[in-house]
Amino acid sequence: MRKIKMAANQSPEQDQLYKIRHSAAHVMAQAVLELYPEAKIAIGPPIDTGFYYDFDLGRDENDKLRSFSPEDLEQIEKRMRQIIAGKHAFNYRQVSGEEARQLFAGQPYKLELIGGLEQGGIDEYGNETAEKPVISTYRQDTFEDLCRGPHVEHTGQIPPDAFKLMSVAGAYWRGDENNPMLQRIYGTAWRNKKELNEHLAMLEEAKKRDHRKLGRELEIFIFDEEVGPGLPLWLPNGGVMIAELEKLAADTERKAGYQRVRSPHLTKEDLFLRSGHLPYYADSMYPPMELEGVKYYVKPMNCPFHHKIYAAKPRSYRELPLRLAEYGTCYRYEKSGELFGLMRVRSMQMNDAHIYCTEEQFEQEFMAVIDLYRLYFEIFNVEKFVMRLSTHHRKGLGKKYIDNERLWLKTEDMVRRAMDNGGVPYVEVPDEAAFYGPKIDVQIWSAIGREFTLATNQVDFAQPSRFDLRYTTSEGKEETPLCIHRAPLSTHERMIGFLIEHYAGAFPVWLAPQQARVIPITSEHNDYATRLALELEAAGVRAGADLSAERMNAKIRDAQLMKVPYMLVVGDQEMADNTVALRKRDGSRVNGMHFGAFMEFVTQQIADRSSVL
RNA sequence: GCCGUUGUAGCUCAGCUGGUAGAGCGGCGCACUCGUAAUGCGCAGGUCAAGGGUUCGAGUCCCUUCAACGGCUCCA
């Protein structure tokens, strides 16, 4: 998450909301300082849905960090309402660096910020700025804070019934894990009580479509403590979805000129030394296992194997672009606190491929991958996403990034030009690149609002030469190809996690684990129901008959809860004239439909990967 | 990994200030044979996350570990 997401100057309404939230943060800081006079204050900006403020409460007698309890939040919230009721004016003033240092003499974090302001280039939130900012403060009641504003006129303009303190969280000072951990209080704030309630209701709704909840209810995946965190077990319904996604990928990639390859889960250390992954990536890899004096690693990515496949024989320019694809299973040791349902796991199956091409072919190949994204997003009706051009940052050269600035600038420019020429909108974010090159990431948001990279399209100017990859040009000279890493369908784990939330579990027919369920009204109709289910299965439709002793209503309810797209209710009437009473998942019905007509309909829907019922 | 919260049957949860486990759903059995979101009755499920401690006595208190959740950091 970026530090400050909200733009300060959108509509006047936005401005007002921004001011309310920003001012609420100051009022909260005042309340905390009154209740905990020894607290050190850090920063407190407005964010998407509210605000936060970071505090340092020091350590207790056991040298453990002091924090806020949920009960403390109630007290703070109560005190905030009293301050608001006081209608204290927010007063702005500019101060010199010297004045500022005196003002915040007992506040080490503020002093550090003041130092940054004086030097220029860093604003009061620690973000980089173009020019040297002025040092200013806002004061309300007894509390004066280093701040550039803006704020509401007085505390009374913060609606006392439209904000709520939500949670406490640890957060590193300036977002750096080497810095001390501060205690962050998150609050949400709105223009009025109605907006607050709508926001809280939205959060409740989001929980219902959380893939972790739906994944269990719909029997798609589970985690088991004995298997281990971040290692999902795919239940049969999840297995179906994986098979469908792989089929989609295989169909699409075959048409786009990809070839399928396969590579092992394990490899000798040598391969990752060669690729350069080990120095950069060792923290995220499972530790090596050693046998007969040789170290083996479980693979965290597939690229080095594909490079070896490229190098399996001398290549001619006539073979390029060479596109090698594999749904490779990779293992990454994500730190325990970073795991998140299916969205962040330790074992993952990637929709991976590597495209080896010449510099002249690059733009076309890169855009062909972007077109793949667009094709998939159309199939899935995904509209809310952002393409992000992730570039390097000077300060990371030789550490996070391969140390060759000339190639960075050159390849970043190639991507920028390709995107501009293709008319694809994107945002550019520095210091987010892969260690071997810039990339286009597709950012999406989970139900609870967390941001993830779904798909990625990366340029690699480093690995081909490390692997000594060559091709012979038409002039008979040896050249090193460029490599594009791409994963438009993400990993099965993140993709399915995303799709569960995107569809709230109501998948399109082609992707639904069970596509049709035949529901006999009484046991008299079981044979007929079974026959229909068998015929559907024979036609490639995932179908079943519910022969349980339940009443029809209960069977319909069960099917609805499992979000089965088509329910075929059959009784005397249907048995007599070989029809079905079709009930769709959305509740709509088509009575007296000939079974043959339904067969034709459903098989067509599946073949089209249709998104309508 | 770090800060905080939580952890009772397959799932959702109840169990007051410590006195020795309960409901609904689900599962199984029996009866019911029913037209578009839950038929009724009965039965079986728990070493209260694991380990240690305090106590006459711990699901309830303390410690450690594990896991999940909310964040930070990091990422497909």
Side-chain angles (χ1 to χ4, degrees), chain A residues 1 52 54 57 64-70 72-73 166-186 207 210 212-213 216-217 219 222-226 228-230 281 283-284 300-301 330 332-345 348-352 432 434 439 441-442 444 448 450-456 458 485-495 497-498 519-526 549-561 567-574 581-585 587-589 591:
Chain A
M1 211 184 248
Y52 68 77
D54 288 344
L57 297 182
K64 281 193 66 170
L65 285 169
R66 281 207 178 83
S67 186
F68 299 101
S69 70
D72 294 337
L73 290 196
M166 303 296 280
S167 61
V168 194
Y172 299 106
W173 167 235
R174 292 194 152 168
D176 184 336
E177 61 181 327
N178 300 309
N179 284 340
M181 177 157 274
L182 308 172
Q183 305 303 319
R184 174 173 298 177
I185 300 177
Y186 279 101
K207 275 190 202 161
D210 189 314
R212 293 167 295 184
K213 180 176 157 70
R216 190 178 48 240
E217 290 171 357
E219 297 182 16
I222 56 160
F223 288 97
D224 182 280
E225 284 201 21
E226 281 189 66
Y281 213 78
D283 284 351
S284 302
M301 34 189 63
C330 297
R332 296 182 186 174
Y333 193 81
E334 306 290 356
K335 293 188 218 159
S336 53
E338 295 168 348
L339 301 173
F340 181 72
L342 281 183
M343 304 298 266
R344 192 75 182 278
V345 292
M348 70 209 83
Q349 305 160 71
M350 297 174 79
N351 173 228
D352 215 352
E432 291 284 343
K439 55 182 181 168
D441 292 322
V442 180
I444 51 102
I448 63 167
R450 204 178 293 187
E451 182 176 349
F452 288 95
T453 297
L454 186 70
T456 186
Q458 315 180 344
H485 303 239
R486 41 113 281 180
L489 281 180
S490 191
T491 60
H492 283 322
E493 288 70 19
R494 191 168 284 182
M495 191 71 199
F498 169 72
I519 296 175
I521 291 175
T522 77
S523 56
E524 291 293 301
H525 314 111
N526 279 1
E550 290 299 327
R551 299 167 80 203
M552 177 205 63
N553 275 304
K555 293 180 187 181
I556 287 174
R557 183 164 188 274
D558 288 346
Q560 285 287 156
L561 289 176
M567 285 153 267
L568 308 178
V569 180
V570 296
D572 289 340
Q573 191 67 48
E574 289 72 21
L582 170 64
R583 178 196 165 100
K584 297 185 184 177
R585 182 173 56 202
S588 65
R589 284 158 61 176
N591 287 333

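Throughout, protein chains are lettered first and strands after them, A, B, ... in sequence-line order, and every chain is numbered starting at 1. Excluded from the calculations below are hydrogen atoms, water molecules and symmetry mates; all remaining heavy atoms, backbone and side chain alike, are included.
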Open item on the list: When you measure from the side-chain N and O atoms of A:Arg450 to the phosphate of B:rG70, is any distance below 4.0 Å, counting only OP1 and OP2?
Closed with: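 True: A:Arg450 side-chain N/O within range (under 4.0 Å) of B:rG70 OP1/OP2.
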Going by an N to O cut-off under 4.0 Å, is there a salt bridge joining [X] and [Y]?
| X | Y | value |
| --- | --- | --- |
| A:Glu550 | A:Lys555 | no |
| A:Arg212 | A:Asp210 | yes |
| A:Glu177 | A:Lys335 | yes |

Scan nucleotides 32-35 of chain B against the protein and return all N/O pairs shorter than 3.5 Å with their distances rounded to 0.1 Å.
{"unit_1": "B:rU33", "atom_1": "O2", "unit_2": "A:Ser523", "atom_2": "N", "d": "2.9"}
{"unit_1": "B:rU33", "atom_1": "O2", "unit_2": "A:Ser523", "atom_2": "OG", "d": "3.3"}
{"unit_1": "B:rU33", "atom_1": "N3", "unit_2": "A:Ser523", "atom_2": "OG", "d": "2.8"}
{"unit_1": "B:rC34", "atom_1": "O2", "unit_2": "A:Arg551", "atom_2": "NE", "d": "3.3"}
{"unit_1": "B:rG35", "atom_1": "O6", "unit_2": "A:Asp572", "atom_2": "N", "d": "3.3"}
{"unit_1": "B:rG35", "atom_1": "O6", "unit_2": "A:Gln573", "atom_2": "N", "d": "3.1"}
{"unit_1": "B:rG35", "atom_1": "N1", "unit_2": "A:Glu574", "atom_2": "OE1", "d": "2.9"}
{"unit_1": "B:rG35", "atom_1": "N1", "unit_2": "A:Glu574", "atom_2": "OE2", "d": "3.4"}
{"unit_1": "B:rG35", "atom_1": "N2", "unit_2": "A:Glu574", "atom_2": "OE1", "d": "3.3"}
{"unit_1": "B:rG35", "atom_1": "N2", "unit_2": "A:Glu574", "atom_2": "OE2", "d": "2.6"}

If the [atom1] atom of [N] is compared with that of [M], how far apart are they to the nearest Å?
| N | M | atom1 | value |
| --- | --- | --- | --- |
| B:rA9 | B:rC28 | C1' | 15 Å |
| B:rU8 | B:rG4 | C1' | 23 Å |
| B:rG15 | B:rU36 | C1' | 40 Å |
| B:rU6 | B:rG59 | C1' | 15 Å |
| B:rC2 | B:rU47 | C1' | 34 Å |
| B:rG70 | B:rA50 | C1' | 24 Å |
| B:rC41 | B:rG53 | P | 47 Å |
| B:rC62 | B:rU5 | P | 12 Å |

By the 4.0 Å heavy-atom rule, please label [X] as base, sugar-phosphate, or nothing.
| X | result |
| --- | --- |
| A:Leu182 | nothing |
| A:Ser67 | sugar-phosphate |
| A:Phe340 | sugar-phosphate |
| A:Thr491 | base |

Task: Torsion-based syn/anti label for B:rG45, 90° from 0 as limit - done: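 Syn, since the glycosidic angle lies within 90° of 0.
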Task: Watson-Crick or G-U wobble mate for B:rG26, both contacts under 3.5 Å - done: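 Matched B:rG26 with nothing under the 3.5 Å cut-off.
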TODO: Please give the nucleotide sitting opposite B:rC48 as a Watson-Crick or G-U wobble pair, both distances under 3.5 Å, or none.
DONE: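 When the pairing criteria are applied, nothing turns out to pair with B:rC48, so the answer is none.
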Polar side chain donor-acceptor pair, [X] to [Y], under 3.5 angstrom:
| X | Y | result |
| --- | --- | --- |
| A:Thr456 | A:Gln458 | yes |
| A:Gln560 | A:Arg583 | yes |
| A:Asp572 | A:His525 | yes |

Open item on the list: Is the distance between the ring centroids of A:Phe340 and A:Phe452 under 6.0 Å?
Closed with: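 Centroid separation for A:Phe452 and A:Phe340: below 6.0 Å.
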Taking the side chain as every heavy atom from C-beta outward, state whether [X] and [Y] have any atom pair closer than 4.5 Å.
| X | Y | answer |
| --- | --- | --- |
| A:Leu65 | A:Gln183 | yes |
| A:Ile185 | A:Phe68 | yes |
| A:Val168 | A:Leu73 | yes |
| A:Met552 | A:Val569 | yes |

Open item on the list: Let me spell it out: for each of A:Leu339 and A:Phe452, pick the nucleotide of RNA chain B with the closest heavy atom. Which residue's pick is nearer the 5' end?
Closed with: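 It is A:Leu339, whose closest nucleotide lies nearer the 5' terminus.
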Task: Of A:Gln458 and A:Ile556, the one whose closest RNA chain B nucleotide lies more 5' - done: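 Comparing both residues, the 5'-ward one is A:Ile556.
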Distances for protein N/O vs nucleotides 10-14 of chain B N/O pairs under 3.5 angstrom?
{"unit_1": "B:rU12", "atom_1": "OP1", "unit_2": "A:Arg216", "atom_2": "NH2", "d": "2.9"}

Could you tell me whether the side chain of [X] has a donor or acceptor atom within less than 3.5 Å of a complementary atom in the base of [N]?
| X | N | result |
| --- | --- | --- |
| A:Ser490 | B:rA76 | no |
| A:Arg344 | B:rC74 | yes |
| A:Arg494 | B:rC75 | yes |
| A:Gln560 | B:rA38 | no |
| A:Tyr52 | B:rG71 | no |

Side chain of [X], heavy atoms from C-beta onward: which of [options] has the nearest atom to it?
| X | options | result |
| --- | --- | --- |
| A:Pro229 | B:rG1, B:rA37, B:rA68 | B:rA68 |
| A:Lys335 | B:rU39, B:rC3, B:rU73 | B:rU73 |
| A:Tyr333 | B:rA76, B:rG1, B:rA37 | B:rG1 |
| A:Arg212 | B:rC72, B:rC75, B:rC69 | B:rC69 |
| A:Ala554 | B:rG1, B:rA37, B:rA38 | B:rA38 |
| A:Ala169 | B:rU73, B:rA67, B:rG71 | B:rG71 |
| A:Glu338 | B:rU36, B:rU73, B:rC75 | B:rU73 |
| A:Pro70 | B:rU5, B:rC72, B:rA68 | B:rU5 |

Task: Main-chain N/O of A:Met348 paired to A:Arg332 side chain as donor or acceptor, under 3.5 Å - done: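 Not at all, since once roles are kept as given, no pair shorter than 3.5 Å links the two residues.
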Task: Whole-Å gap separating C1' (B:rG26) and CD (A:Glu217) - done: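 Going from A:Glu217 (CD) to B:rG26 (C1'), I get 13 Å.
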Task: Between P of B:rG70 and NZ of A:Lys207, the distance in whole Å - done: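 It is 9 Å, rounded to the nearest whole Å.
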